[in-house]
Every structure is written in structure tokens, then in C-alpha cells.
2 protein chains.
Amino acid sequence: MENVRELFQTMTRRFGLLNKNCCQIGGKEVSLVQSHILYEIFRNDKPSMQQVAETLGMDITTFSRQIQTLVKMELVVKTPLPEDRRVTQLSLTTQGNYVAAKIDADMNQYLDEVFSNMSEFEREMVIKSIKLLNEAMSKSTVCCKPLI
Amino acid sequence: MENVRELFQTMTRRFGLLNKNCCQIGGKEVSLVQSHILYEIFRNDKPSMQQVAETLGMDITTFSRQIQTLVKMELVVKTPLPEDRRVTQLSLTTQGNYVAAKIDADMNQYLDEVFSNMSEFEREMVIKSIKLLNEAMSKSTVCCKPLI
DNA sequence: CCTTTTATTTGTAATTTACAAGTGTTTGTT
DNA sequence: AACAAACACTTGTAAATTACAAATAAAAGG
């Protein structure tokens, strides 16, 4: 069997590199971590700080500071949860939404381009595989539990 | 078509998380970036600074400082290339080799576990898909050129 | 030679990170 | 109701990581 780790290392590195470059939108410079945060707020409905921090595997104090930055950048808004005022709900501003959507679109465009180098059959196989992989990883006991 | 980006985002995040946790070996604490550097030196034969930095998409000055750290940790050795003394060849010390090999083994063990949740057929499909994906990404013009 | 290019390093300063300790809020116990 | 414990989040602080600009040192080109 070939070197499986190498395949994965190459793949994840390529995605990491991509993300690094694709986050300067409309005057706002967004870091890789910040784009991940925006993405999570984008796809969840008013998640709490803890929720997002845990999903991203970030230390909560680090996360707190990142959110402060994003609030200053006017991309994110914090509102206390009425039922439990310890909890902070996160949501995107109009601008934050725009930035998140733009990153999403760029990302999808890139993926489209990548897939354009494949046949229909291959494309479906790859997508099926990624799904399988995600499921299998979520079942693993080694580390990085499900988290979604 | 489903949300392809979401699949990829989840996948790469899971791998990122994994790497974060799997790098404390024999008294040495190795960061994610450092483990990537060790890996590249591990699998290439005496690569130059530039070579590795470019592969990892790192700024050369940042890379230079990381290498300084790894040299201090006695995991990496720098030797000037005789034919061109501007160039620095990188190699692993015995200890560096041990650390890199240990991370590699851990990583492979994790992947084995992940694959154990699949059938033989699925496993082959997934591996084939990752290969396809790497090829397709290397052909993309958007960003992050081949790099290997 | 002497200028230019190339590979790497340092000056500097901002950003990111995380441990420990703190604040404010809710829950549980009596 | 009162108080301790648990919880969600924030700050103090200090180290690690990052990257631009400028410096060094070696090779290549004219």
C-alpha cells in the first residue's frame, strides 16, 4: 500500500494554502482563523462563543480575543442570550455576511475549477469519498471528536 | 448538488485538529507548523530552505526563524551546500528523525483507524479520490500552484 | 571588477496564542 | 433566601508566530 499519510498531508496543505490567500475582501483583511469563525457563524444560527470555539478546536480565551477583533471590524455582533445572560450569541453584520458569502463563493468557485478537471464519474466518487471520510473520522476515538 | 465546500471545510478542519494534538514526543513539544517542516525534511533529501518554505507556502523569513528554533531543539541541522554556499541544506538529527518518524507513525495509525471504519472497497475508493483531488488541485490556476 | 541577482538572516513591530486569574450569571443545596 | 459551586466569558500577562523592510553574504553576468 502506498503512503497514505503523504496523500493526506499534500491535500490538507493545499487547502490550507488556498484559505490563506482567499481572504481579502472589500477592504477587510481576514485571516484564515477568522474566515473559519465567520464560516461557522454563517452556517449556524446564532451560535454561542463556546459552541464555535469548540467546533474549531480553539482555546476559548484565544477565541474571545478573535471575536473582539471581528466585532471591531464590524463583521460580527455579540448579543447576550436573554434566557441565560452568561451566554453570548454570535451573528454576522450585513458586512460580515457579505464577507462570509464572498469567501464561500470564492471557495466554491475554486472547488468547481478543481472538479472541472475531472469526469462526472470521478467527481461523484470524490464527493462520496469525502463524505465517507468525514463520517469515518467522526467515529474515530484517537482524537478530535465529531465536533459537529 | 450538496454543499461541497462544507464537506471540505469539515474534512480539513478535522485534520488540522488532529495535527495540533499529535505533536508532543519524548520531551519535545512540536508545533503544527514545525511538524510540517520536519515532515518535508523527512521525505526530501537535504532540501534547501527555500524549497521547504515554498512547499509549505511560508514566508522565508518566518521559515528561517522556525528553522532556528528547530536547530536549537536539536531536531534539525543546517549545512551549507558546497557548490553554492548561499544555499543551506536541511537535514534531521537522529532525534529529529525519531520525532518525525513518531509523528508519521501516529498519523498513519490514526488513518488506519479511520479506514478501519470502512469496507475494503470504500477504502480504495477514498484513496483513489484523494489522489485524483491532489492531481486536480495541482492543475488549478486559481491559487496555490503545484508545490511539489 | 563591479553591478545584479539570489539565498538567507536580522530589526522591528504587529498579531496570535494560551495559561492563570478575574467578572458576572445561573444552578443547586440547605 | 443565602451561599457555594458551576458556568460562560473576559482580562493580565507573557511567550510564540508572523511578516515587512533592510542587511548580509555568496554567486552570476557583463
How many whole angstroms separate atom CD of A:Q66 from atom C1' of D:dC9?
16 Å
B:M73 atom CE is separated from D:dA16 atom P, nearest whole Å, by 11 Å
Can you tell me how far C1' of D:dA28 sits from CG of B:L81, to the nearest Å?
16 Å
Any donor-acceptor pair under 3.5 Å joining the side chain of B:R86 to the base of C:dT8?
no
Students often get this wrong, so: under 4.0 angstrom with heavy atoms, is A:T88 touching a base, only sugar-phosphate, or nothing?
sugar-phosphate
Find the distance A:I67:CD1 to D:dT10:P and express it as a whole number of Å.
9 Å
Roughly how many Å is it from CD1 in A:I60 to C1' in C:dT23, rounded to a whole number?
15 Å
On a heavy-atom basis, the closest approach of B:M125 and A:L132 is CE-CD1, 3.5 Å
Residue whose closest nucleotide on DNA chain C lies nearer the 5' end, A:D84 versus A:R65:
A:R65
Under 4.0 Å, heavy atoms only, any strand: does B:T69 hit a base, just the sugar-phosphate, or nothing?
nothing
Position toward the 5' end of DNA chain C (nearest nucleotide), A:R85 or A:Q34
A:Q34
Separation of C:dT9 atom C1' from B:K78 atom NZ, nearest Å, is 8 Å
Starting from the 5' end of DNA chain D, give me the residue, B:D59 or A:S64, whose nearest nucleotide shows up first.
A:S64
Could you tell me how far apart A:I37 (CD1) and D:dC9 (C1') are, to the nearest whole angstrom?
15 Å
Atom-to-atom span, CD of B:E83 to P of C:dA7 - whole angstrom:
14 Å
Mark yes or no for a side-chain to base donor-acceptor pair under 3.5 Å between B:T61 and D:dC20, with no hydrogen or angle criteria applied.
yes
